[in-house]
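The next block holds one structure in the form of structure tokens; read it before the comments.
Note that the structure is predicted; figures quoted are calculated from it, not measured.
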Amino acid sequence: MTNLLELYVKLGGLVLVGFILGRKLPVTVPTRLGQFLFWVGVPISIVSFLRQSSLSGQIWIAPAIAYLAILLGAFLAWLGIKGQAYFRNTVPQPPTQASLILAAMLGNTGYLGFPITLAILGKEYFAWALFYDLLGSFPGAYGLGVLIAARFGGGMQNRWQIIKAILINPALWSFGFGLLVREATIPTVIEFCLEKFAWSSVALSLVLIGMRLGLLKSWRSLPQAGISLGIKMLLVPLILGSILPLFGLTGSTAKVIVLQMAMPPAFGTLVIAETFNLDRDLAVTALAAGTILLLLTLPLWLWLF
């Protein structure tokens with residue numbers, strides 16, 4: 001309990017700082033900070049933490065579980081939409097359906113999942129979270145997520161932006177580079193600076209989340225968002241987490257996977273919603289409410305697993 005309270009103070013404090021700054025500083029500041037983390041902070045952090053992580057033979061299961069979580073979340077959301085149509089005789093508009101499905105299947109496994117994994121389990125198991133995110137969540141978002149958005153949305157307005165996001169994503173390139181230089185010997189002072197920079201980027205990513213939450217003002221879609229959050233943050237991790245031993249995943253490795261599955265909706269859902277003219281209010285509400293809900297669900301998963 002003491003460790004959990006310490007985690008909340010660290011993570012919550014940084015998010016709160018960002019929340020306050022987000023309301024005080026110009027709206028361009030979160031954008032600039034996000035660009036810095038995207039192009040510089042996160043890639044260098046990936047290289048640094050990869051050098052300190054353990055790559056076991058089973059680690060390639062992580063992205064496979066991520067795909068299962070994405071597909072299960074999408075399927076349960078589709079069932080929820082069908083259930084609304086049957087029991088309430090109401091069917092959400094197609095853009096709302098797409099946002100509901102995206103929020104149920106795509107989690108914030110990077111900017112939020114990475115810091116939580118590092119804080120709870122340390123650098124040794126960080127590679128599991130990294131493989132889950134970069135080889136699982138990211139392709140799922142810009143693969144299946146884009147297909148769903150194109151199917152239900154009002155048409156793709158920025159096709160090249162989606163293609164470019166996949167091809168030039170610096171996190172993927174740094175992931176490959178980090179694997180290549182993982183065993184390379186570098187001067188101690190450079191190793192030290194890399195590690196300090198990596199932890200600073202983790203802190204800034206939490207501040208960025210707070211800044212973006214400080215700019216979110218819409219809560220009118222909370223009932224619909226609640227359906228997605230129940231699926232994404234409760235049902236999916238509970239169902240798949242209970243069968244992880246069948247894949248040979250137990251102990252800390254299972255905890256990493258469960259924590260990644262239980263993350264709130266990703267900021268990528270808002271990017272996709274804006275690109276494909278989906279229900280932006282639902283996406284915004286799911287982001288904000290999910291981040292707050294994590295404070296309640298995190299102890300549950302640590303206790304169960």
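- Taking all atoms of both residues into account, the shortest heavy-atom contact from L294 to P299 is O-CD, 4.5 Å.
- No side-chain donor-acceptor contact under 3.5 Å links K255 to the backbone of T250.
- Residue pairs meeting the salt bridge (Lys or Arg N to Asp or Glu O under 4.0 Å) criterion with at least one member in residues 185-210, sequence neighbours excluded: R51-E191, K123-E195.
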Just distance, no hydrogens or angles: give the donor-acceptor pairs under 3.5 Å from side chains in residues 94-106, sequence neighbours left out.
| residue | atom | partner | partner atom | Å |
| --- | --- | --- | --- | --- |
| T96 | OG1 | D279 | OD2 | 2.8 |
| Q97 | NE2 | P92 | O | 2.7 |
| S99 | OG | P95 | O | 3.4 |
| S99 | OG | D279 | N | 3.1 |
| S99 | OG | D279 | O | 3.0 |

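- Judged by distance alone, the side chain of T269 and the main-chain N or O of A266 form a donor-acceptor pair under 3.5 Å.
- With a 4.5 Å cut-off on side-chain heavy atoms, L72 and L76 count as touching.
- Side-chain contact check for L234 versus L238: every heavy-atom pair is 4.5 Å or farther apart.
- Considering only heavy atoms from C-beta on, P237 comes within 4.5 Å of W301 through its side chain.
- With a 4.5 Å cut-off on side-chain heavy atoms, Y111 and V42 count as touching.
- Pairing each heavy atom of L282 with each of A225, the nearest pair is CD1-N, 3.3 Å.
- At distances below 3.5 Å, at least one donor-acceptor pair connects side-chain atoms of T117 with backbone N or O atoms of G113.
- I257 is not listed as a side-chain neighbour of F305, based on a closest heavy-atom distance of 4.5 Å or more.
- The shortest distance between side-chain heavy atoms of V29 and L21 does not fall below 4.5 Å.
- Ring pair F276/F152: centre-to-centre distance not below 6.0 Å.
- F197 and G41 get closest at one heavy-atom pair: CE2-CA, 3.8 Å.
- Here the side chain of S48 pairs no donor or acceptor atom with the backbone of I44 at under 3.5 angstrom.
- Atom CG of residue L25 and atom CG of residue L33 lie 10.5 Å apart, to the nearest 0.5 angstrom.
- Between L79 and F75 the shortest side-chain heavy-atom distance falls below 4.5 Å.
- In this structure the side chain of Y8 reaches within 4.5 angstrom of the side chain of L298, judged on heavy atoms.
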